[in-house]
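Any value given below was found using the heavy atoms of this structure, including those in side chains, with hydrogens, waters and symmetry copies removed.
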Amino acid sequence: MVAGEPTRALWVLEEAERSLPDSDPIRLAIAQVSLVLSSPARARRATDAVPETSPHAVEALILGAYAEIELGNLDAGIAQLRRAEQLDPDRPETRLARVAVLVRDHRHEEALQAVEEARAALESSEAPAPILDQLELSLARIQLASGELAAAEQTLRGEVDRASAPLPALGALTHLLVAQRRSEEALALLDSPPSSLAESGELLDLRGATLLSLGRVEEGEGLLRERALSAEDPLPSLRLASLYLDGGRQEEAEAWIAEARDRFPDDRSLAVAHADALVALGRLDEAADVAEDLASRVGADGPEVRFIRARIDLAEGRSKQAAEALRALAPHFDRPATHYWLGRALEEQGDPAGARRRYSLAEKLDPDWSAPLAAKLALSLRGGRPRAAATDAVRLLQAAPGDRGSWVSAILVLARAGESAFALELAEQAESRFGPSASLQVARARALRAAGRTDEALALLSEARDDEGLAERALTLGHAGRHGDGIELLRERLASGPDSAELRAALASLHFVGGEAEAGSRAVDRALELDPEDLAPLRDRCRFRAATGDWAGAVDDCRRAASDPADARSRFALGIALAGSGRPEEAEAAYRDALRLNPRDHRAHNNLAWLLAEQGRVDEALDAAQEAYRLAGDDPAVAHTLGRLYGQRGLADRAVSFLEQSRSGEPDDPQIALDLAIAYRDADRVEDARTLLAELEPRMADDPRLKREWKEASDSLP
């Protein structure tokens, strides 16, 4: 079939079907073209019309299975493949198709069983070598997905030595070595490939990608350009353009794709990539022209045309319209980019959970594409999920091992998540891979600060001259208890150079550490003037105002910060501020909104429990507190909440158990100790209550409320 003509082919086949309505070969051809056009429902109708008595029944079952899988009916697709195996047990392609489907859906045990069944069936027949090769590659993929890396490496090395066409195994082995940070081994492997691959263009692709993973960007790009210019198909050009786009080099990507379209004018994938680059550059009218040109050749309802138009809608701020279009398109155009941009649209619509699901689907379809991982990482950070962010950061690093920015992101996120040792290990590897740079220096200093090694961090930043390095040095001084020195450093920089939002944000943070509310607030306002998109300074002021009892100011700041539809942390802080302002209904709504964005935030569950208890809704409060405890049982604040609630329910023994646990974590908290004494009293452990109350008496003088509660508890003892 000529590239760019499947729609015309389908029209011809449907006309032939009207003349020969019982022709199974025509039905199969219609199904094949429909699948090419991402129209699985049409393919299903064609294959369903082929009876099992037909000599073409097995082919119909296989094509029908692919249609079911494209429609999301995986089990139905697998059932059809099993039926095809039963009808023609000597056909190895059918067994291989079922293995591939199971691997794709991560059903590893079933896939492994299918491999063993296929091996047993093929031992008694003379299966073609390519079938055996694909079976071994499937086995390696299962081993990789199951975490059996050594076994996968052994399988792939054997396949490289044995296979009649070793390139797929060599590619998989190269990717495995790069992912294990063994890029030098991968490069050595590619330097002495099997003789059958000596002149292979695909080998150039692998070598170029491996050079990029080693940080040898100029060499790697040179090989990829050489390959793209000599290739007889557009795929290498698309790979190179994707590299440019992922690196933020949209103009180079657009120029390269435009040149490739001159050589391959009928390729629809190039048209989509061209439009993508034009949208990234803000040249939306030109992107619309690409869509119109494509529509004139494949029809206005072609999936690529619909995709480009949805991208333009999203770029022009019509996120709801884009989300609707992409959601309708996804079952028929099941591509990573479809799910990724639908995720972006959903994120703008305030549905981060839906966005995360779409990013995960995009990642599943293309594990080597870094954009979905970067989007998930950003969502995790804004949602207050540092552990999830750390996982996303490591996976981003694996997907983009040659991107210095991915390494910096991973180091910073791991440091924030409390994984400072791992962050420092990555920093050392990054410096050996890419050489020293200002961004890596700051990332390493941040990891040292997180590990409490402030002297080393300050020494590393002693020669810092750019804003990022100076801001980190000032914050590290504050971490070391020298916030005055940090403020002076920032003031000197601001006096001698241009104003900087980054420096103003750091200055605000240091003023707040020193309790200097007015100076900190002025620095926040100036940082927001310089960079209205960065809400981090606003979040800092929100937390500071809440901590110092400035509830009205905290509410205002938190509401502004919560304008980010995916920011769970600002909604949690807003709940604290509203509760402190005596607005429990609004506070409850803010906590529930935070939990919608991050259901695993035990602090939000815990605060909601306190709020509900204060309103007399003890059963609801207990549910919230139990969920908080399930998520973070070692948090003394959560055990305290649960203990108080059990006490209110009259379950004194349970109250004692949780309050003792809370006190062991916070032995100096008088409120926890007082609540424990009351629980001892209610559990008929009067002497324990009397002893604890006596210990607390000297600490009650400074807090009238606690003193009143202590007196009531003391007077109630028999």
Do we see a donor-acceptor contact under 3.5 Å between the side chains of [X] and [Y]?
| X | Y | answer |
| --- | --- | --- |
| Glu586 | Tyr591 | no |
| Glu347 | Tyr359 | yes |
| Glu472 | Thr476 | yes |

Please answer whether the main-chain N or O of [Y] pairs with a side-chain N or O of [X] as donor and acceptor at a distance below 3.5 Å.
| X | Y | value |
| --- | --- | --- |
| Ser462 | Ala459 | yes |
| Arg571 | Asp593 | no |
| Glu468 | Ala438 | no |
| Arg473 | Leu458 | yes |

Who passes side chain to side chain contact (heavy atoms under 4.5 Å, CB included) against [X], sequence neighbours left out?
| X | result |
| --- | --- |
| Glu488 | Glu492 |
| Glu428 | Arg444 |
| Ala554 | Arg545, Ala546, Ala577 |
| Ala573 | Cys542, Cys558 |

Please name all residues satisfying salt bridge (Lys or Arg N to Asp or Glu O under 4.0 Å) with [X], sequence neighbours left out, ordered by chain then number.
| X | result |
| --- | --- |
| Arg539 | Asp564, Asp567 |
| Glu666 | none |
| Arg357 | none |
| Arg600 | none |

Test item: [X] and [Y] side chains (from C-beta on) under 4.5 Å apart, heavy atoms:
| X | Y | result |
| --- | --- | --- |
| Gln661 | Leu642 | no |
| Asp557 | Val524 | no |
| Leu528 | Arg504 | no |

If the condition is ring-ring contact (aromatic ring centres under 6.0 Å, His included), which residues does Trp610 pass it with, not counting sequence neighbours?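 Trp610 satisfies ring-ring contact (aromatic ring centres under 6.0 Å, His included) with His640 only.
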Of the non-hydrogen atoms in [X] and [Y], which two are nearest, and what is the gap between them?
| X | Y | value |
| --- | --- | --- |
| Ala590 | Leu578 | CB-CD1, 4.2 Å |
| Ala457 | Ala445 | CB-O, 3.7 Å |
| Arg560 | Leu538 | CB-CD2, 3.4 Å |

Euclidean distance, [Y] [atom2] relative to [X] [atom1], rounded to 0.5 Å:
| X | Y | atom1 | atom2 | answer |
| --- | --- | --- | --- | --- |
| His602 | Thr641 | NE2 | OG1 | 10.0 Å |
| Leu503 | Leu507 | CG | CG | 8.5 Å |
| Leu475 | Thr454 | CG | OG1 | 13.0 Å |
| His479 | Arg446 | NE2 | CZ | 12.0 Å |
| Leu342 | Arg358 | CG | CZ | 4.5 Å |
| Ser509 | Leu490 | OG | CG | 10.0 Å |

Among pairs that include at least one residue of residues 504-542, which meet ring-ring contact (aromatic ring centres under 6.0 Å, His included), considering only residues two or more places apart or in two chains? Phe512-Phe544
Residue pairs meeting ring-ring contact (aromatic ring centres under 6.0 Å, His included), one or both in residues 454-474, sequence neighbours left out, come to none
[Y]/[X] salt bridge by N-O under 4.0 Å criterion:
| X | Y | answer |
| --- | --- | --- |
| Asp540 | Arg543 | yes |
| Asp669 | Arg663 | no |
| Asp525 | Arg522 | no |

Which pairs, with at least one residue in residues 459-509 and sequence neighbours excluded, count as a disulfide bond (SG atoms under 2.5 Å apart)?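 Qualifying pairs: none.
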